[in-house]
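Each chain gets a letter, A, B and so on, in the order the sequences are listed, and its residues count up from 1. What's counted below: heavy atoms across the whole structure, side chains too, no hydrogens, waters or symmetry copies.
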4 protein chains.
Amino acid sequence: MKKQQIQASVKDERLVEKRRDEMIKGAVSLFKKKGFHRTTTREIARESGFSIGTLYEYIRKKEDILYLVCDSIYDRVHTKFEQHKMDLEHGTLEGLKQGIRNYFRVVDELQDEFLVMYQESKSLTKETLPYVLQKEKEMALLLEKMLTRCVENGELFLSKEQVQLLSHNIVVLGQMWGFRRWVIQKMFTLDEYIDMQIDFLFNGILRNKNSENLEN
Amino acid sequence: MKKQQIQASVKDERLVEKRRDEMIKGAVSLFKKKGFHRTTTREIARESGFSIGTLYEYIRKKEDILYLVCDSIYDRVHTKFEQHKMDLEHGTLEGLKQGIRNYFRVVDELQDEFLVMYQESKSLTKETLPYVLQKEKEMALLLEKMLTRCVENGELFLSKEQVQLLSHNIVVLGQMWGFRRWVIQKMFTLDEYIDMQIDFLFNGILRNKNSENLEN
Amino acid sequence: MKKQQIQASVKDERLVEKRRDEMIKGAVSLFKKKGFHRTTTREIARESGFSIGTLYEYIRKKEDILYLVCDSIYDRVHTKFEQHKMDLEHGTLEGLKQGIRNYFRVVDELQDEFLVMYQESKSLTKETLPYVLQKEKEMALLLEKMLTRCVENGELFLSKEQVQLLSHNIVVLGQMWGFRRWVIQKMFTLDEYIDMQIDFLFNGILRNKNSENLEN
Amino acid sequence: MKKQQIQASVKDERLVEKRRDEMIKGAVSLFKKKGFHRTTTREIARESGFSIGTLYEYIRKKEDILYLVCDSIYDRVHTKFEQHKMDLEHGTLEGLKQGIRNYFRVVDELQDEFLVMYQESKSLTKETLPYVLQKEKEMALLLEKMLTRCVENGELFLSKEQVQLLSHNIVVLGQMWGFRRWVIQKMFTLDEYIDMQIDFLFNGILRNKNSENLEN
DNA sequence: AATGAATGAGATTTCATTCAT
DNA sequence: AATGAATGAAATCTCATTCAT
């Protein structure tokens, strides 16, 4: 799955990157408010600080902007993961918890961006959509790796299928924090949310019967 | 939160209902493929089997169609729940499992509709959106009731907050079956998916260590 | 110039007349508020107390309604003139004044109708417009006759051209009462207006120097 | 009463003025033939020499065009008055006559525009209509001033009310030249018309008995 | 004779994209 | 490299008119 190259008329690559960053910032802020379809290219140009003509020096179609936005979000997710130095190595339960915790924090920081990406990515065409879906899979893969390491280390007893499903579960429960913010974020702080979710993940609801003494 | 009344020019109420049903069916099938914004009113009219003029005898604005679609989906969800006779009464673990199982099956049956609703409902205006969000909350409430019954019966030991969070978790894990279908449904059958999710929910991942003998 | 016959599908002539009267009444009241173009046939039907289908049993095109309205207004003008028993016979100055007075009162009574007619008659087609313009001319002709009688009687010394122009002047000064109502009717009562206009007509502005003793 | 500002997307103000002038010219010529409602925006665009898209770069709603047309007509009227150097200063009868004469000539030159304005201005919305009506009043005010000057100078003996009414009379008798052109302009040349009207205004119909020797 | 559901031509308006400057 | 005026395809929505019942 190759990264889609968006053609620019401008040659100076450094300039291209700079302008596109401005564009993405402007676009995300508008998409958040009005969604991709309700946002016009003129608005994006104005919000980004240049003219409609200039905008089209750096992209070819409006959809390119959406692709750039989605792509940039994934980049930022990966960067954040790096910053949080997700401990993929140790394969301990504590490391796993820390990894999940970090993932939840990343989702919190980028919740607007995630919202935009999930609500609008269906507007991508056949050419760019697969690349974005691929990125989506990779996110689950990061968690899958951590889980697998724990299984290999004998810290967890899970089948390959269970690991795969679980990794998607965690991804989705993370996104839930952002997507259902209008109800969830009124009930819990981020830390409360994380603690409760990790408790549920590790112990389930039956085990809760006598899990008061479990660390979480 | 009152149900929004969509005005029709046609007087015959039975006819209005019939035509709107045709419209909703046509619209869902198109929204699935192209989303709300990419679908034109003319396409909806054609797909529904009548002319653009007739379409506008039964609605006033394009957005009305989206509202009708969302509303109809919730109606169908409720109806399906009824059909599956969700056992809210007993408050047993077995009843709870059955309830969750049923919910997952409903999501499976209506997965296209859910997808449309979640991706497009943000296109609703201030007047209609709250009604749809309310419906969304009610869905979680159904599950919350079942869980609460079990807690009251002493079958589960969960705080009020845990029950609330859990109900949202279940809602979201159900939707995940439809939303991530391009990866999840390639890995599991619906029954496998349900069994595994219920296992995770009840026992968590630690308990899995020695949960081979647990029925699920 | 023949009266245009508007075709009706319904045979019963008495019924046709009755329905058309209802139609005209409804239409005038709507045209007053919104003008011909902004008024829909559905609205006219509803205002007239029958269905759109029925409306079209009595006319063939929307424009027919406008024609019927214009025609009816002229009929009413003539009837009013009759009621006021315009004294065309005597050919005295006093009779002339009375005739003008009466005309002004008719304009006052039918000012809404006149307004509609003048603002909308240009929407008539080539076939019906000439008939309406003809009616317009006839109105001036009524006044022309009165003036001519006075000239013949030696009460006035006016050339044929002067009589013709004067008759149009009077027609227009009458309409002015209705057309500029938003300013004129705030300044004068109808009687004041009539008195002043007759004074001006008869004596002009120079004569006013020493016309205080003139009856008007 | 503030001049309504019509928003344009194009920034270059000189260009906006130029294009709008083209638009107004095109629109007036079409409104004359078909009226505001029967004229489509596409026709206006074509007649003005640019595309429909370009048209909407210079206005926002079709009604804006009507407003621009009305506004431009008043501007031209004022300009014409200036060109004719209406003699407001002297306050002589001769100056008054010259003023009236000039007004009649302006009406003649702009008769198409006046016709459009009077027939269509009711299609303006609540926001723009008052401004246009105000302009209408101002026209009468110009004549009122001239008359008042003569009264102050002792050249005329008229009450304040008489002056006000008279100014409206003159405005209306001017418009009559354009509005009843289909009959009046067949009977008289403009100069004949002016002479006769001034005679009537100054001397009335009674005074005509022995006014042959009066200059007019 | 009365009804009102159905129709579709046509109107206004938007907006992605181009291209001359 | 930057600008923004110009374009026109396409979208939504209206409404006069018809016709089966």
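For F:dA6, one of the phosphate oxygens OP1 or OP2 lies less than 4.0 angstrom from a side-chain nitrogen or oxygen of D:R19. Between D:T40 and the phosphate of E:dA11, there is no side-chain N or O to OP1/OP2 separation shorter than 4.0 Å. Applying the 4.0 Å criterion to OP1 and OP2 of F:dA16, one finds that C:T41 has a side-chain N or O inside that range. Considering only side-chain N and O atoms, B:T54 lies under 4.0 angstrom from the phosphate OP1 or OP2 of E:dT7. Contact between the side-chain N/O atoms of D:Y56 and the OP1/OP2 oxygens of E:dT14 is not found at any separation under 4.0 Å.
Cation-pi geometry between C:K122 and C:F36 is not satisfied (NZ or CZ under 6.0 Å from the ring centre, within 45° of the ring normal).
A donor-acceptor contact under 3.5 angstrom links the side-chain atoms of D:R42 to the base of E:dT13. At a cut-off of 3.5 angstrom, counting only N and O atoms as typed in the model, there is no donor on one side facing an acceptor on the other between the side-chain of D:R46 and the base of F:dG8.
Looking at the side chain of B:L15, the nearest of the listed nucleotides E:dA6, F:dA1, F:dA16 is E:dA6. Comparing F:dA6, E:dT13, F:dC13 against the side chain of B:I52 picks out F:dC13 as the nearest. The listed nucleotides are F:dA5, E:dT3, E:dT17; the one nearest the side chain of C:S51 is E:dT3.
One interatomic measurement links the two molecules: CG of C:L55 to C1' of E:dA2, which rounds to 12 Å at whole-angstrom precision. In this structure, D:R60 places its CZ atom 16 Å from C1' of E:dC15, rounding to the nearest Å. Note: NZ (A:K62) to P (E:dT18) measures 15 Å, nearest angstrom. Rounded to whole angstrom, the span from the CD atom of B:E57 across to the P atom of F:dT17 amounts to 16 Å. Straight-line distance from the NZ atom of A:K61 to the P atom of F:dA9: 20 Å, rounded to whole Å. Summarising the geometry, the separation between CZ on D:R14 and C1' on F:dG4 is reported as 17 Å, rounded to the nearest angstrom. If you measure from atom CD1 of A:I6 to atom P of E:dT17, you get 12 Å, rounded to the nearest angstrom. Atom CG of B:D64 and atom P of F:dT14 are 11 Å apart (whole Å).
The residue among D:G53 and A:F50 whose nearest nucleotide of DNA chain F is located toward the 5' end is A:F50. Heavy-atom nearest nucleotides on DNA chain E were determined for C:S9 and for A:H37, and the one closer to the 5' end corresponds to C:S9. When each of D:I59 and B:Y58 is assigned the nucleotide of DNA chain E bearing its nearest heavy atom, the one mapping closer to the 5' terminus is B:Y58.
Look at E:dT21: its Watson-Crick or wobble partner, with both distances under 3.5 angstrom, is F:dA2. Checking F:dA16 for Watson-Crick or G-U wobble geometry (two distances, each under 3.5 Å) identifies E:dT7 as its partner.
Separation of the D:Y131 and D:Y67 ring centroids falls under the 6.0 Å cut-off.
At a threshold of 4.0 Å, the pair D:D21-D:K18 does not count as salt-bridged, since none of the basic side-chain nitrogens sits closer than that to a carboxylate oxygen. Under the 4.0 Å criterion applied to side-chain N and carboxylate O atoms, C:R42 and B:E57 are assigned as salt-bridge partners. Between D:E22 and D:R19 a salt bridge is recorded (basic side-chain N to carboxylate O distance below 4.0 Å).
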Could you give me the CA-CA distance, side-chain angles and deciding distance for D:Y74 and D:M117, then say whether side-chain contact (heavy atoms from CB on, under 4.5 Å) is met?
CA-CA 10 Å; D:Y74 279 115; D:M117 212 175 55; 3.4 Å; yes
